[in-house]
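Below: one structure, written as C-alpha cells.
Sequence lines set the chain letters: A, B, ... in the order given, protein chains first and strands last, and positions in each chain run from 1.
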2 protein chains.
Amino acid sequence: MVRAGLSTERLVRAGAELADEAGFEQVTVSALARRFDVKTASLYSHLRNSHDLRTRIALLALEELADRAAEALAGRAGKDALTAFANAYRDYARAHPGRFEAARYRLDPETAAASAGVRHAQMTRAILRGYDLAEPEQTHAVRLLGSVFSGYVGLESAGGFDHSAPGSQESWDRVLDALDVLLRNWPAS
Amino acid sequence: MVRAGLSTERLVRAGAELADEAGFEQVTVSALARRFDVKTASLYSHLRNSHDLRTRIALLALEELADRAAEALAGRAGKDALTAFANAYRDYARAHPGRFEAARYRLDPETAAASAGVRHAQMTRAILRGYDLAEPEQTHAVRLLGSVFSGYVGLESAGGFDHSAPGSQESWDRVLDALDVLLRNWPAS
DNA sequence: GTATTTGCCTAAAGGGTTTAGGCAAATGGG
DNA sequence: CCCATTTGCCTAAACCCTTTAGGCAAATAC
C-alpha cells in the first residue's frame with residue numbers, strides 16, 4: 001500500500017490549481033481526493049472540512065497576490081506605483097481566475113485580520129504617499145482604490161466588458177489615468 | 001391532498017427571501033421545498049434545475065435593482081443623480097444582501113444580454129449626460145462608475161470596512177464627492 | 001360529467017460531506 | 001535492529017442535495 005504523500009500544504013496547492021482550472025465552486029473535498037487518487041475520507045486528517053479547505057485556498061491567494069503587489073510596488077512611486085499595483089492585481093486575476101475568486105471568499109473577521117488582506121491595505125496606503133492626502137481623506141482614498149480594483153477586475157472577469165467597444169484594456173488604462181488625476185486633485189471635505 | 005400552489009414565480013420569490021435570510025449559497029432546491037412543505041422532486045416541474053433557480057433569482061434581483069435605480073434617477077441630474085443612483089444601489093445591497101449576491105451570479109452571455117443588466121448600463125450613461133463626456137471616454141467612465149459601486153458595496157457587505165475608522169458612511173460620501181469632481185474634470189486622452 | 005391536464009407524490013440512483021474505527025507503513029528509542 | 005508509537009490512508013456508514021421516471025388525484029375544460 002503506497003502512500004500518496006498528502007499534506008495540508010499539498011492539498012491546498014492542488015485545490016488552488018483545481019480552482020483555476022474548473023472554478024472555485026468546483027473545489028470540493030471529493031474532487032481533490034480524486035485528483036490524488038485517494039479516498040475522500042483520507043483528506044479529513046489534513047483538512048477540518050470543506051470550508052476549511054476553501055478558506056486555506058483563499059489565504060494562499062491573498063498571500064500570492066500581496067507578494068506580487070509588493071514586488072510590483074518596489075522602487076516605484078506616484079502614478080508609476082499606482083499602475084504597477086493595479087496591474088499586478090488585474091494580471092493575477094486573469095492568470096488565476098479560480099484563486100482570484102477564492103481571494104473574495106468570505107472570511108470570518110479574525111481569519112481576515114490575520115490574513116494578507118492587511119498587507120494589501122498597507123500597500124494601498126503606501127501608494128498614496130506619492131500623493132498629498134492627510135487622514136481621514138487617505139482612508140477614503142484607500143477604500144476607493146480597493147473598490148475600483150476589486151470592482152473592475154470582478155466585472156471584467158465576469159465578462160461584463162466583453163461584448164461592447166472599446167476593449168477592456170483601453171478602459172483600464174483610462175481608468176488608471178483618471179484615478180491618478182483624482183488623487184492629485186482630491187477635493188477638500 | 002391539498003395542493004401547495006407552487007409556481008415558478010412563487011418559488012423564485014421565496015428563493016429570493018431565503019437568500020436574504022440565509023445567504024445566496026444556501027438557496028437550494030431542497031431548502032425551498034422544505035419552505036413550502038413539499039417534496040423536493042415537486043419543484044422540478046417548475047424549475048429546470050438548481051442553476052435555473054439561481055439564475056431566476058439573479059434576474060429578479062437585477063430587475064428590482066434597476067427599478068429602484070430608475071426611480072431614484074427620475075427628475076435628477078448631475079451630482080444629484082449620481083448620488084441618488086449610487087445610494088439606490090448601496091441601499092438595495094444592505095436591505096437585500098442575498099439578492100445582491102444573486103445579482104452577481106454569473107449569467108451566460110445571452111441571458112445577461114436579455115437581463116436588466118442592460119438597463120443598468122443605460123442608466124449609468126444617463127447620469128453622465130449631466131457631465132461633459134464624449135465617446136469613448138463616456139464608456140470608460142461608465143465602467144469606472146460600475147466598478148466603484150460594485151466594488152465598494154461588495155467590500156462593504158463582506159465586512160471590509162467594519163473594523164477601522166472612519167465609518168463606511170463617511171467614506172461613501174467622500175467617494176461620491178470625489179467621483180463627481182473626477183467626472184467634471186475628466187482627463188483628456 | 002367525462003376527458004385531459006396539471007400538481008404533487010413515491011422511488012431510486014448518483015454524488016458530496018463527514019465521523020468512527022481499523023490496519024499497515026513510517027519513525028524513532030533502546 | 002526490533003519493537004512501540006505515530007501517522008496515513010482505508011472501509012463503512014449516515015446524512016443531505018440533485019435529478020429523473022412514473023403514478024395517482026385534483027383541477028379544468030368541453
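Of the residues in residues 25-42 of chain A, those placing a heavy atom less than 4.0 Å from an atom of DNA chain C are Thr28(A), Val29(A), Ser30(A), Arg34(A), Thr40(A), Ala41(A), in numerical order. Heavy-atom distances under 4.0 Å link DNA chain D to no residue of residues 7-20 of chain B. The stretch residues 101-108 of chain B has no heavy atom under 4.0 angstrom from DNA chain D at all.
Put simply, the side chain of Arg68(B) never gets that close to the backbone of Tyr92(B): no donor and acceptor are under 3.5 Å apart. Using a distance-only test at 3.5 Å, with no hydrogens or angles considered, no donor-acceptor pair links the side chain of Arg174(A) to the main chain of Glu137(B).
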Enumerate donor-acceptor pairs with a distance under 3.5 Å from any side-chain N or O in residues 32-43 of chain B to protein atoms, sequence neighbours excluded.
residue: Arg35(B); atom: NH2; partner: Glu21(B); partner atom: OE1; Å: 2.5
residue: Ser42(B); atom: OG; partner: Lys39(B); partner atom: O; Å: 3.2

Can I get a per-line list of side-chain donor-acceptor pairs under 3.5 Å for residues 141-149 of chain B, giving both atom names and the distance, sequence neighbours left out?
residue: Arg143(B); atom: NH1; partner: Pro166(A); partner atom: O; Å: 2.7
residue: Arg143(B); atom: NH1; partner: Ser171(A); partner atom: OG; Å: 3.0
residue: Arg143(B); atom: NH2; partner: Ser164(A); partner atom: O; Å: 3.3
residue: Arg143(B); atom: NH2; partner: Ser164(A); partner atom: OG; Å: 3.0
residue: Arg143(B); atom: NH2; partner: Pro166(A); partner atom: O; Å: 3.2
residue: Ser147(B); atom: OG; partner: Tyr152(A); partner atom: N; Å: 3.4
residue: Ser147(B); atom: OG; partner: Arg143(B); partner atom: O; Å: 2.7

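Between dG8(D) and Ser45(A), no contact under 4.0 Å exists linking OP1 or OP2 to a side-chain N or O. Not one side-chain nitrogen or oxygen of His46(B) sits closer than 4.0 Å to the OP1 or OP2 atom of dT6(C).
Considering all non-hydrogen atoms of both residues, Leu18(B) and Ala31(B) come closest at CD2-CB, 3.8 Å. Pro97(A) and Asp20(A) get closest at one heavy-atom pair: N-OD1, 3.5 Å.
Comparing dT20(D), dC8(C), dC9(D) by their nearest atom to the side chain of Tyr44(B) picks out dT20(D).
Residues passing the side-chain contact (heavy atoms from CB on, under 4.5 Å) test with Asp108(B) are Glu110(B), Thr111(B), sequence neighbours excluded.
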